[in-house]
Amino acid sequence: MDIFSEIRNIVIENLPEIASSDSLIIDPSRISVERPRDPTHGEIATNAAILAAKSANRKPRELAEFVAEKLLSDDRIAAADVAGPGFINLKLKEEAWLSVIPAILKSGAEFGRSTIGRNRRVCVEFVSANPTGPLHVGHARGAIFGDALSRLLEFVGFRVTREYYVNDGGAQVDSLARSVHLRYREANGFAVEFDANSYKGEYLGKLGRDLEAKYGEKFVDAPEHEWIGLFRGAAVGAMMELIRKDLESLGIEMDVYFSEKSLYGTGIIETTLNTLRERDLIYEGVLEQPKGKLIEDWEPRKQTLFRSTAHGDDVDRPICKSDGSWTYFAPDIAYHYDKIKRGFDELVNIFGSDHSGYTKRMKAAVAALSDGRVAFDIKLIQMVRVMEDGRAATMSKRAGEFVQLREAIEAVGCDVARFVMLTRKNDAPLDFDFAAVKEKSKDNPVFYVQYAHARICSVLRKAEQEGFDVSDTALASADLSTLRHPFESALVRRMAEWPRVVESAANSHEPHRIAYFLQNLASDLHGLWAQGNATASLRLLQRGEIATSTAKLALVRSAAIVFSCGLGILGVTPIQEMRS
RNA sequence: GGCCCCGUAGCUCAGCAGGAUAGAGCGACCGCCUCCUAAGCGGUAGGUCACAGGUUCGAAUCCUGUCGGGGCCGCCA
């Protein structure tokens with residue numbers, strides 16, 4: 001049940017009649033039905049008459065009056081006034097708002113679920129960190145964002161595949177293998193001599209010792225080609241195991257780990273490129289030197305290029321290096337072609353913001369290979385600055401002094417980490433402040449929301465002890481007519497917005513909206529609660545006032561359901577009581 | 001030189017595919033516990049929405065340009 005879409009439907013139903021002879025042509029999606037900022041403008045305002053006036057060839061205000069009159073006949077609408085350039089400001093009967101409470105109690109965690117996904121299949125690719133070490137806090141943001149978005153999309157009716165693209169085919173994993181070899185030599189009693197490309201992290205030490213235990217000194221002085229493949233495989237396997245555990249500690253489970261290496265030597269890349277070649281999107285050519293960026297040893301070279309400019313990119317992109325081997329772009333194209341062939345209706349990629357220059361060519365490739373049929377969104381995740389003692393900690397993977405995800409999770413807990421990471425829009429930088437995040441106060445949004453939920457659980461426990469039937473079925477049939485106070489009304493109206501918040505968050509791929517909504521909901525709840533301190537009649541539990549108390553319990557219980565549902569989308573466990 | 005993101009209150013940020021007088025938290029100031037969890041609540045102060053044009057009945061929101069911050073730009077992924 002979404003009261004806003006119901007009202008919206010009524011409004012639209014009442015539009016065609018007035019314009020039937022004049023061929024009403026407006027885009028229904030432009031009609032807004034929403035709560036105005038200013039409460040003096042009613043409770044729900046719509047611009048429908050303003051938009052319709054043009055095609056109906058009538059004056060907006062006049063048309064608005066006409067529609068308003070008709071809307072009044074609906075038994076949910078208490079008042080319909082025309083204001084400004086032709087807005088229709090509606091006031092609903094209190095019962096119409098209150099009906100959201102039994103609706104929530106009856107549908108439980110399903111309240112707000114929608115079908116806008118229409119069972120379409122969407123592939124959400126996220127993390128995809130190179131398998132060269134454990135995840136750090138920066139990766140965690142993308143991981144949490146991707147998982148929360150996946151949950152959100154599932155909630156609105158998409159069939160979601162969570163996917164991790166493992167970059168196990170490039171030069172980086174060779175460097176990794178060499179670093180492991182150094183550690184292996186170390187385990188054999190040799191001194192390690194790292195170079196600039198080495199991964200120096202301690203986490204490779206154990207792997208070196210394991211390999212020493214298995215192979216002794218067999219590969220200590222052996223030529224690289226004898227051990228590189230073996231070491232690379234062992235290293236990637238071990239690193240992916242680390243990463244899998246890190247994700248697990250965040251409550252994330254991927255459905256598919258797709259290996260880049262699996263694309264090589266199978267003809268898949270060649271097939272993909274042939275598909276593009278048939279569309280005249282592959283050619284041999286020479287790129288110009290990028291202006292404004294000095295490249296020491298630049299010389300024009302003939303390369304195999306992808307005509308990404310045909311699909312909106314700024315320059316065409318190389319898919320072969322000068323020695324003829326693939327660039328990273330070639331397997332990437334093949335990988336996305338594979339996604340398309342697997343039948344996804346939509347693709348979403350979560351990238352670090354340093355990939356911003358990569359999005360256009362990727363979109364060009366998907367558009368070309370799917371003939372524009374597959375929707376493709378790329379969300380760029382901005383930096384996380386880890387703050388400790390008021391200053392930013394540094395993160396450098398190769399130097400091995402990055403802030404490991406594991407440490408952060410152990411310090412603050414998975415729930416806190418998840419919520420905090422989702423309190424910013426994806427394209428805004430985020431400060432992760434260890435001190436603030438551990439604080440148990442209003443400054444900490446997680447606790448603020450959790451506290452609201454716990455308070456409700458607390459009063460429900462107490463009510464049960466005092467003999468109330470607090471089951472959802474019992475509360476759903478409560479007489480709610482005593483809920484008249486502004487704080488109670490505010491909470492009800494907030495909950496009524498939940499379904500549309502879910503939809504807008506899902507449509508825009510912005511899970512942070514859920515987090516913001518929950519903070520507002522918590523604020524409404526705490527406000528109501530505190531009123532009970534000053535005014536006895538606003539206390540939720542009142543001796544002897546069974547009907548009144550039951551109505552209030554129904555109100556807050558439905559709020560608890562919304563909290564629980566919203567936190568569930570964020571992947572955060574709602575807690576029952578704050579006392580530890 | 002080009003491309004992408006960002007610029008909203010002292011600070012950190014929301015603002016829902018344009019809507020009416022601009023929102024929250026923190027910080028500042030003033031109040032609220034013999035009473036369900038004060039880990040909370042109420043109130044006051046604080047903004048030419050970077051700037052200049054344009055589209056529109058209507059712009060923080062869309063378009064163009066300027067300034068400022070960040071990221072990226074063949075043989076790393």
Side-chain angles (χ1 to χ4, degrees), chain A residues 29-30 32 34 36-38 40-41 45-47 50 53-54 60 83-87 89 128 130 132 165 167 169-173 175 260 286-293 295 297-301 303 305 313-315 317-318 320-323 325 327-329 331-332 352-360 380 382-383 423-425 427-431 433 436 439-445 447-448 450-452 454-455 458-463 497 500-501 503-505 507-508 510 512-513 516-517 519-520 523 526-534 536 539-542 577-579:
Chain A
S29 70
R30 288 185 59 209
S32 68
E34 55 199 6
R37 270 201 282 265
D38 187 338
T40 67
H41 293 139
T46 179
N47 61 357
I50 302 175
K54 262 190 191 154
F87 289 103
N89 294 333
S128 296
N130 291 337
T132 52
Y165 182 56
N167 289 118
Q172 288 196 3
V173 286
S175 293
E260 175 197 359
V286 179
L287 286 175
E288 284 179 30
Q289 177 169 11
K291 289 172 183 168
K293 189 201 176 204
I295 299 171
D297 55 348
W298 172 270
E299 52 186 80
R301 286 196 183 117
Q303 290 175 295
L305 300 171
D313 202 358
D314 310 302
V315 290
R317 305 292 178 174
C320 283
K321 297 177 194 172
S322 48
D323 67 1
S325 64
T327 63
Y328 54 88
F329 190 34
D332 254 16
S353 59
D354 55 342
H355 283 63
S356 64
Y358 197 51
T359 59
K360 279 191 180 179
L380 297 174
Q382 265 290 348
M383 290 277 297
T423 53
R424 281 293 104 92
K425 203 163 40 180
D427 53 16
L430 179 141
D431 286 350
D433 186 329
E439 203 167 310
K440 298 184 175 180
S441 76
K442 203 180 167 184
D443 308 8
N444 182 346
F447 275 86
Y448 188 68
Q450 293 280 32
Y451 185 33
R455 274 182 147 172
S458 163
V459 76
L460 288 169
R461 277 194 302 269
K462 188 143 290 189
E497 283 190 284
R500 65 173 9 222
V501 168
E503 273 194 23
S504 72
N507 280 330
S508 56
E510 291 184 349
H512 77 276
R513 292 187 192 185
Y516 273 85
F517 173 85
Q519 292 181 66
N520 288 329
S523 174
H526 287 308
L528 172 64
W529 184 282
Q531 290 306 303
N533 291 335
R539 293 170 62 81
L540 302 176
L541 262 185
Q542 294 173 33
E577 58 184 327
M578 301 302 282
R579 296 195 181 90

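Quick note on labels: first sequence line is chain A, next is B, and so on, each numbered from 1. Values in this document were obtained by computation on a predicted structure and should not be read as measured data.
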Is Y358(A) close enough to rC76(B) that one of its side-chain N or O atoms is under 4.0 Å from OP1 or OP2 there? no
Mind checking A83(A) for me? I need base, sugar-phosphate or nothing, with any heavy atom below 4.0 Å counting as a touch. base
Distance between the P atoms of rU48(B) and rC29(B), in whole angstroms? 23 Å
Expressed as a whole number of Å, how far does the C1' atom of rG53(B) sit from that of rC11(B)? 32 Å
Short question: side chain of D431(A), backbone of D433(A) - any donor-acceptor pair under 3.5 Å? no
Pairing nucleotide - rU34(B), Watson-Crick or G-U, each distance under 3.5 Å: none
Under the rule syn = chi within 90° of 0, otherwise anti, which is rC32(B)? anti
Show, in sequence, the C-alpha distance, side-chain angles and deciding distance for Y165(A) and D332(A), and conclude whether the side chain to side chain contact (heavy atoms under 4.5 Å, CB included) test is met. CA-CA 9 Å; Y165(A) 182 56; D332(A) 254 16; 3.0 Å; yes
Could you state the atom-to-atom distance from CG of D323(A) to P of rG74(B) in whole Å? 16 Å
Polar atom pairs (N or O), protein with nucleotides 14-18 of chain B, under 3.5 Å:
from    : atom 1 : to      : atom 2 : distance (Å)
rA14(B) : OP1    : K425(A) : N      : 3.1
rG15(B) : OP1    : H512(A) : NE2    : 3.0
rG15(B) : OP2    : K425(A) : NZ     : 3.2
rC16(B) : O3'    : R513(A) : NH1    : 3.4
rC16(B) : O2'    : S504(A) : OG     : 3.2
rC16(B) : O2'    : R513(A) : NH1    : 3.2

When rounded to the nearest Å, what value does the distance between P atoms of rC13(B) and rA50(B) take? 15 Å
For rU61(B) versus rC49(B), give the span between their C1' atoms, rounded off to a whole number of Å. 10 Å
Base, sugar-phosphate alone, or nothing: which one does P429(A) contact when heavy atoms must sit under 4.0 Å apart? sugar-phosphate
On RNA chain B, nearest-nucleotide positions of F447(A) versus D314(A): which is more 5'? D314(A)
Report the distance from atom NZ of K462(A) to atom C1' of rC35(B), rounded to the nearest whole Å. 11 Å
Base-pairing mate for rC72(B) - Watson-Crick or G-U, with both contacts under 3.5 Å: rG2(B)
Nearest-angstrom distance, P atom, rG43(B) to rC6(B): 33 Å
What is the distance from CD of Q382(A) to P of rG7(B), rounded to the nearest Å? 11 Å
Mind telling me if rA38(B) is syn or anti? Syn here is a glycosidic angle within 90° of 0. anti
Expressed as a whole number of angstroms, how long is the span from L380(A):CG to rC73(B):P? 14 Å
Taking all heavy atoms of P60(A) and all of A53(A), pick out the closest pair and write down the distance. CA-CB, 3.6 Å
With respect to the side chain of E577(A), which nucleotide from rC4(B), rC57(B), rU37(B) is positioned closest? rU37(B)
Flag, side chain of H526(A) to backbone of Y448(A), donor-acceptor distance under 3.5 Å: yes
S322(A) near the nucleic acid: base, sugar-phosphate alone, or nothing, with a heavy-atom cut-off under 4.0 Å? base
Nearest-Å distance once atom C1' is located in both rU44(B) and rA52(B): 36 Å
Look at the side chain of S356(A) and decide which nucleotide, out of rA77(B), rC4(B), rA38(B), has an atom nearest to it. rC4(B)
For P85(A), answer base if it contacts any base atom (sugar-phosphate contacts may also be present), sugar-phosphate if it contacts only those atoms, and nothing otherwise; contact means non-hydrogen atoms under 4.0 Å. base
Please determine, for the side chain of N533(A), which listed nucleotide (rA77(B), rA38(B), rC57(B)) has the closest atom? rA38(B)
If only atom types and distance count, is the side chain of S508(A) paired as donor or acceptor with the main-chain N or O of S504(A) below 3.5 Å? yes
Got a donor-acceptor contact below 3.5 angstrom from the Q303(A) side chain to the C320(A) backbone? yes
Output yes when a side-chain donor or acceptor of S32(A) lies under 3.5 Å from a complementary backbone atom of T46(A), and no otherwise. no
Tell me which of T46(A) and G532(A) sits closer to the 5' end of RNA chain B, going by the nucleotide each one is nearest to. T46(A)
Which of rC36(B), rG40(B), rG74(B) is nearest the side chain of R455(A)? It is rG40(B)
Indicate, with a heavy-atom threshold strictly under 4.0 Å, whether L528(A) touches base, sugar-phosphate, or nothing. nothing
Test side chain to side chain contact (heavy atoms under 4.5 Å, CB included) applied to K462(A) and L541(A), step by step: CA-CA 9 Å; K462(A) 188 143 290 189; L541(A) 262 185; 3.7 Å; yes
Closest nucleotide among rA38(B), rG19(B), rA20(B) to the A45(A) side chain: rA20(B)
Expressed in whole Å, how much space separates the C1' atoms belonging to rC57(B) and rA20(B)? 12 Å
In sequence, state the C-alpha distance, the side-chain angles, and the governing distance for Y328(A) and E260(A), and then conclude on side chain to side chain contact (heavy atoms under 4.5 Å, CB included). CA-CA 10 Å; Y328(A) 54 88; E260(A) 175 197 359; 5.5 Å; no
Any strand is fair game: report the nucleotide pairing with rG25(B) by Watson-Crick or G-U wobble, both distances under 3.5 Å, or none. rC11(B)
According to a strict under-4.0 Å criterion, is K321(A) in side-chain N/O contact with OP1 or OP2 of rG74(B)? no
Determine, answering yes or no, if F87(A) is stacked on rA20(B) under the 5.5 Å centre rule and the 30° plane rule. yes
E288(A) atom CD is separated from rC73(B) atom C1', nearest whole Å, by 14 Å
Quick check for you: among rC41(B), rU37(B), rA77(B), whose closest atom lies nearest to any side-chain atom of H526(A)? rC41(B)
Between atom NZ in K360(A) and atom P in rC73(B), what is the gap in whole Å? 15 Å
Is the base of rA77(B) touched by the side chain of D354(A) through a donor-acceptor pair closer than 3.5 angstrom? no
Checking N1-N3 plus N6-O4 or O6-N4 for Watson-Crick, or N1-O2 and O6-N3 for wobble, each under 3.5 Å, the partner of rU66(B) is rA50(B)
Are T327(A) and rC75(B) close enough that a side-chain N or O sits under 4.0 Å from OP1 or OP2? no
Verdict with reasoning, Q382(A) to R424(A), per side chain to side chain contact (heavy atoms under 4.5 Å, CB included): CA-CA 10 Å; Q382(A) 265 290 348; R424(A) 281 293 104 92; over 6 Å; no
For N89(A) against A45(A), the heavy-atom pair lying closest together: OD1-CB, 3.4 Å
Using a 4.0 Å heavy-atom cut-off across all strands, classify L287(A) as base, sugar-phosphate, or nothing. nothing
Compare the minimum distances between each of rU37(B), rC57(B), rC75(B) and the side chain of Y451(A), then state the nucleotide with the smallest one. rU37(B)
So which nucleotide from rA20(B), rC4(B), rA77(B) ends up closest to the side chain of Q172(A)? rA77(B)
P atom, rC3(B) versus rA45(B): distance in rounded Å? 46 Å
Using a heavy-atom cut-off of under 4.0 Å over every strand shown, decide if E299(A) touches base, sugar-phosphate, or nothing. base
From the list rG19(B), rC36(B), rG74(B), which nucleotide is the closest neighbour of the side chain of Q303(A)? rG74(B)
